[in-house]
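All values below come from the heavy atoms of this structure, side chains included, with hydrogens, waters and symmetry mates left out. When a residue number appears, it is its place in the shown sequence, counting from 1.
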Amino acid sequence: MEAYYKGLKKNICDCDVKNNLDKVDEEKNYFDILNTILDTVNEWLVVTDDKGIITMMSRAYKEFLKDPNPEGKHVTEVIENTRLHKVLETGVREVGEIQEIKGNRMIAMRIPIIKDGKVIGAVGKGMFKDISDFMTLSKKINRLEKELEYYKGELNKEKTAKYSFEHIVGSGKKITDIKKMAQKIAKTDSNVLILGESGTGKELLAHSIHNASNRRFGPFIRINCAAIPSELLESELFGYDEGAFTGAKKGGKKGKFELANGGTILLDEIGDMSMHMQAKLLRVIQEKEVERLGGNKRISLDVRIIASTNMDLEKLVKEKKFREDLYYRLNVITIKLPPLRERKEDIEELANALRIKVSNRLGIYVEGISSEALRYLKAYDWPGNIRELENVIERAINLLDSDLIIQPKHLPKRLRQNKKISYLDTKKTLKDIIEEIEKNVIRECLEKTNGNKNKAAKILGLSRTGLYKKLERYNIK
Ligand SMILES: Nc1ncnc2c1ncn2[C@@H]1O[C@H](COP(=O)(O)OP(=O)(O)OP(=O)(O)O)[C@@H](O)[C@H]1O
Ligand SMILES: [Mg+2]
C-alpha cells in the first residue's frame, strides 16, 4: 500500500497538480487511521477490492489466521470457506451465515461495497468468532425475553384462551378422531369433562374447544382447584362482597364464575375439589346463578363448564369421594385423551413440532432430530406424556452447544438405557441399520474413553488404523 501511494504521488508530481497531491495526502491519512482502527479493535475484519484481492485485514484476524501479510493475496487463498468473492459477484450481503474456519465455527457477515451502482469491493467480518459465544449471548437475551413473555402471559392468562385446534399436533387416528369430535361439540353449550393422564394436553384441548365455540369472543377463565386451599377456593370461585370477612377487599371481588360470564370456565384438577365445595358447585350449576360470599344479590350466569382431571373420577364416585350427581352434571360429554405411549405414531411429529416451538422460545437454532435420537424417543414410554417430551426436547436443545441436530447424547440417560429400542425402519436396509449401530457404538466408546483412540480401538477389538478408517467413514470427530 505504501508503494501504491508513493507511485500515485509521483504520477501526480509529474503532472504538477498541487491540489491533487493534497488529496492523496488526505487519503493516505484516512488509510492510516483506518489501519490503526483495524489493528486496535479485537475484531476479525477483512476488506477486498473488486477482484477479491485483500487490501486490509485487522491484526486480530491476521493472528488467528497465522498470516502476517495477507494483503495482495486473493481472499480464497487466505480464508477458508470464505464467500466474499461470491458477494463480489452477486452484490448481495450475507449476514449471520455460519462459516467453518480452522475447525472453528464462526458467524460471518459479508457486505459488498457499492459505488455508483458498481461493486468495488467487499468487507467481511466475524460477527461472533465462535458460534458458542453467539449461543451464550443468544441464551442470555432469550432468557430475558422469556421472562418478559412470562409476565405478559401472566397478565393475560386469566382471561383468554391461548390455543386452538391447530396447536394440537398429531395426525394419528386416535388424536384425529378426538379433534373431530371436540370440534363438533365445541359448537354446543354442553358441559365437557376432559380426562387423561398428566401432560396429555387436557388444558390445550379446553382452550381449543373455547376458541372454536360461539363463546370465543367471551372470556376463558381457568382455575386450578388443586392449587388453591379449599378455604380460599370458595371466594375465588364465587367472589365476595365488601365486609364479607376481615381482610376482605374494599368494594369486594368478583369470583371466577362471574368473570367467566358469557364465556367458558375451566375447572382444572376437579378431582381434588373437597366435598363441601362440590356441593356448592352443584348448586351453581343447577341454578345457573351465583351469590357472592357475604352478599345477598344473585347474579345469573351464562357460563359453559369444562372440567378436567387426571384422576379416575368414576372410581372416586364409587369410593364416595366425588359426588355422583355432580359427576353426571359435568360429564355430559366426556373426552378421554390417550397417554403418549398409546399414540406412538405421533411421536415424530410431536417431537419436531416441540423442537420448533422450544427453539423459537429459547432463540436457539436447531436443524432437526437425528434418526437415532428419534428411535430412543419412540421406544420410551413417556409416563409424563407430552409435557415430559417437551422437557426432554428443551433439555436437549440447551445441551446442543454448537451441534445443530439433536443426537442421542443430548437425551437423558433414562431414555438411552431403554432396552426395548427397535431398529426396524421401513426406509432402511439391514446394511444401513448395521452401519448406524456401528457408528453409535464407536461414538459411545470414544465418549467413555474421553476421546482416547488407542483405548477405544482396544475395547472394540480393532487395530488403530481400522478404527481411524471407520472414524473417517462415519465422519466422527
Ligand atoms: N397434541 C399436542 N400438540 C402439541 N403440544 C401439546 C399437545 N398436547 C400437549 N401439548 C403440550 O404439552 C404440555 C402439557 O399439556 P397440558 O398442560 O394441556 O396437559 P394437561 O393434560 O393439562 O396436564 P396436567 O394434567 O399435568 O395439568 C403443554 O406445554 C402443551 O402445550
Ligand atoms: Mg392441566
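- Between F64 and W44, the two ring planes are parallel [angle under 30°; tilted spans 30° to 60°].
- Around atom CD of E319, more than 12 heavy atoms belonging to other residues, nucleotides or ligands sit under 6.0 Å away.
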Show your working on side-chain contact (heavy atoms from CB on, under 4.5 Å) between T264 and V303 and close with a plain yes or no.
-> CA-CA 5 Å; T264 308; V303 175; 6.0 Å; no
L362 and I397: CA distance, side-chain angles, deciding distance, side-chain contact (heavy atoms from CB on, under 4.5 Å) verdict = CA-CA 9 Å; L362 300 180; I397 292 179; 4.0 Å; yes
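- Here E324 does not pair with R329 in a salt bridge; the nearest charged N to carboxylate O distance is not below 4.0 Å.
- Within 6.0 Å of the CD atom in E444, the count of heavy atoms belonging to other residues, nucleotides or ligands does not exceed 12.
- Annotation: K453, atom NZ; neighbour count of heavy atoms from other residues, nucleotides and ligands within 6.0 Å does not exceed 12.
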Working for salt bridge (Lys or Arg N to Asp or Glu O under 4.0 Å), residues D268 and R222 | CA-CA 7 Å; D268 212 355; R222 169 185 175 253; 3.1 Å; yes
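- Checked for salt-bridge contact, E80 and K102 miss the test: no charged N lies under 4.0 Å from a carboxylate O.
- With contacts defined as side-chain heavy-atom distances shorter than 4.5 Å, the pair I434/K431 does not qualify.
- The pair K321-D272 fails the salt-bridge criterion, with no side-chain N (NZ, NE, NH1 or NH2) lying under 4.0 Å from an Asp/Glu carboxylate O.
- Across all their heavy atoms, H210 and G263 have their closest contact at CE1-CA, 4.4 Å.
- With hydrogens and angles ignored, the 3.5 Å screen pairs a side-chain donor or acceptor of T176 with a backbone N or O of S171.
- Shown here is E348, whose CD atom has no more than 12 heavy atoms of other residues, nucleotides or ligands within 6.0 Å.
- If you check the side chains of R110 and Q99, you find a donor sitting under 3.5 Å from an acceptor.
- No more than 12 heavy-atom neighbours from other residues, nucleotides or ligands sit within 6.0 angstrom of NZ on K297.
- Expressed to the nearest 0.5 Å, how far CG of L205 lies from CD1 of I194 amounts to 4.0 Å.
- Listed for the K202 side chain is a donor-acceptor partner under 3.5 Å among the backbone atoms of G196.
- Between F322 and I270, some side-chain heavy-atom pair lies under the 4.5 Å cut-off.
- For the atom pair NZ of K254 and CD1 of I299, the computed distance is 8.5 Å after rounding to the nearest 0.5 Å.
- K187 and N214 get closest at one heavy-atom pair: O-ND2, 3.7 Å.
- With hydrogens and angles ignored, the 3.5 Å screen pairs no side-chain donor or acceptor of R343 with any backbone N or O of L340.
- We find that K288 and D302 are not joined by a salt bridge, their nearest charged nitrogen and carboxylate oxygen being 4.0 Å or further apart.
- K409 has no carboxylate O lying under 4.0 Å from a charged side-chain N of E447, or vice versa, which leaves the two without a salt bridge.
- Here CG of L337 is found 10.5 Å from CD of E197. Values are rounded to the nearest 0.5 Å.
- Using a 4.5 Å heavy-atom cutoff, the side chains of L415 and L377 are in contact.
- The shortest non-hydrogen separation linking S190 to I333 is CB-CD1, 3.6 Å.
- Contact check for I228 versus I223: side-chain heavy atoms found under the 4.5 Å cut-off.
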Take R414 and Y380 through the test side-chain hydrogen bond (donor to acceptor under 3.5 Å, both in side chains) and record every step on the way to the result.
-> CA-CA 9 Å; R414 64 179 190 282; Y380 184 63; 3.0 Å; yes
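- Checked for salt-bridge contact, E390 and R361 meet the test: a charged N lies under 4.0 Å from a carboxylate O.
- Side-chain atoms of N211 and S208 form no donor-acceptor pair, as typed in the model, at a separation below 3.5 Å.
- Between the side chains of N385 and T200, not a single donor N or O lies within less than 3.5 Å of an accepting N or O.
- No hydrogens or angles considered: a donor-acceptor pair under 3.5 Å links the side chains of R355 and N352.
- Heavy atoms only, all atoms of each residue included: E258 and F238 are closest at OE1-O, 4.4 Å.
- At a threshold of 4.0 Å, the pair D241-R292 counts as salt-bridged, since one of the basic side-chain nitrogens sits closer than that to a carboxylate oxygen.
- A salt bridge is absent between K174 and E345: the closest approach of a Lys/Arg side-chain nitrogen to an acidic carboxylate oxygen does not fall below 4.0 angstrom.
- A donor-acceptor pair is defined here as one N or O able to donate and one able to accept, closer than 3.5 Å; such a pair exists between the side chain of S235 and the backbone of L232.
- Listed here is the closest heavy atom pair of V123 and L84: O-CD2, 3.7 Å.
- I306 contributes atom CD1, which lies 9.5 Å from atom NE2 of H207 (distance to the nearest 0.5 angstrom).
- Of the charged side-chain nitrogens involved, none lies within less than 4.0 Å of a carboxylate oxygen, so that E435 and K470 do not count as a salt-bridged pair.
- Annotation: side chain of I285 is in contact with side chain of L326 (closest heavy-atom distance under 4.5 Å).
- The shortest side-chain heavy-atom distance between L266 and I221 does not fall under the 4.5 Å cut-off.
- Note that CG of N440 and CZ of R416 are 11.0 Å apart. Values are rounded to the nearest 0.5 Å.
- Considering every non-hydrogen atom in both G170 and E349, the closest pair reads N-OE2, 3.7 Å.
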Starting from the C-alpha separation in whole Å, work towards a yes-or-no answer on side-chain contact (heavy atoms from CB on, under 4.5 Å) for V441 and L460.
-> CA-CA 9 Å; V441 170; L460 296 170; 3.8 Å; yes
Applying side-chain contact (heavy atoms from CB on, under 4.5 Å), run through D189 and R215 and close with a yes or a no.
-> CA-CA 9 Å; D189 259 345; R215 299 170 173 269; 3.0 Å; yes
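- Counting heavy atoms of neighbouring residues, nucleotides and ligands inside a 6.0 Å radius, atom NZ of K458 does not exceed 12 of them.
- Within the model, atoms OH of Y376 and OG of S371 stand 11.0 Å from one another, a figure rounded to the nearest 0.5 Å.
- Remark: side-chain polar atoms of R83 are not paired, donor with acceptor, to backbone N or O of E94 under 3.5 angstrom.
- Under the 4.0 Å criterion applied to side-chain N and carboxylate O atoms, D381 and R341 are not assigned as salt-bridge partners.
- Looking at heavy atoms from C-beta onward, L267 lies out of side-chain contact with N224 at the 4.5 angstrom threshold.
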Would K162 and E203 satisfy salt bridge (Lys or Arg N to Asp or Glu O under 4.0 Å), going step by step from the backbone distance to the final call?
-> CA-CA 10 Å; K162 282 186 292 184; E203 191 176 338; over 6 Å; no
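- For CD of E314, the number of neighbouring non-hydrogen atoms (other residues, nucleotides, ligands) closer than 6.0 Å is 12 at most.
- Counting only heavy atoms from C-beta outward, the side chains of F257 and I305 approach each other to under 4.5 Å.
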Derivation and outcome, side-chain hydrogen bond (donor to acceptor under 3.5 Å, both in side chains), residues N454 and R464 = CA-CA 6 Å; N454 276 337; R464 221 180 120 81; 2.7 Å; yes
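- Each of K256, K280, R283 was scored for a salt bridge (Lys or Arg N to Asp or Glu O under 4.0 Å) with E234, with one residue passing: K280.
- Side chain of N261 to backbone of L301: no donor-acceptor contact under 3.5 angstrom is found.
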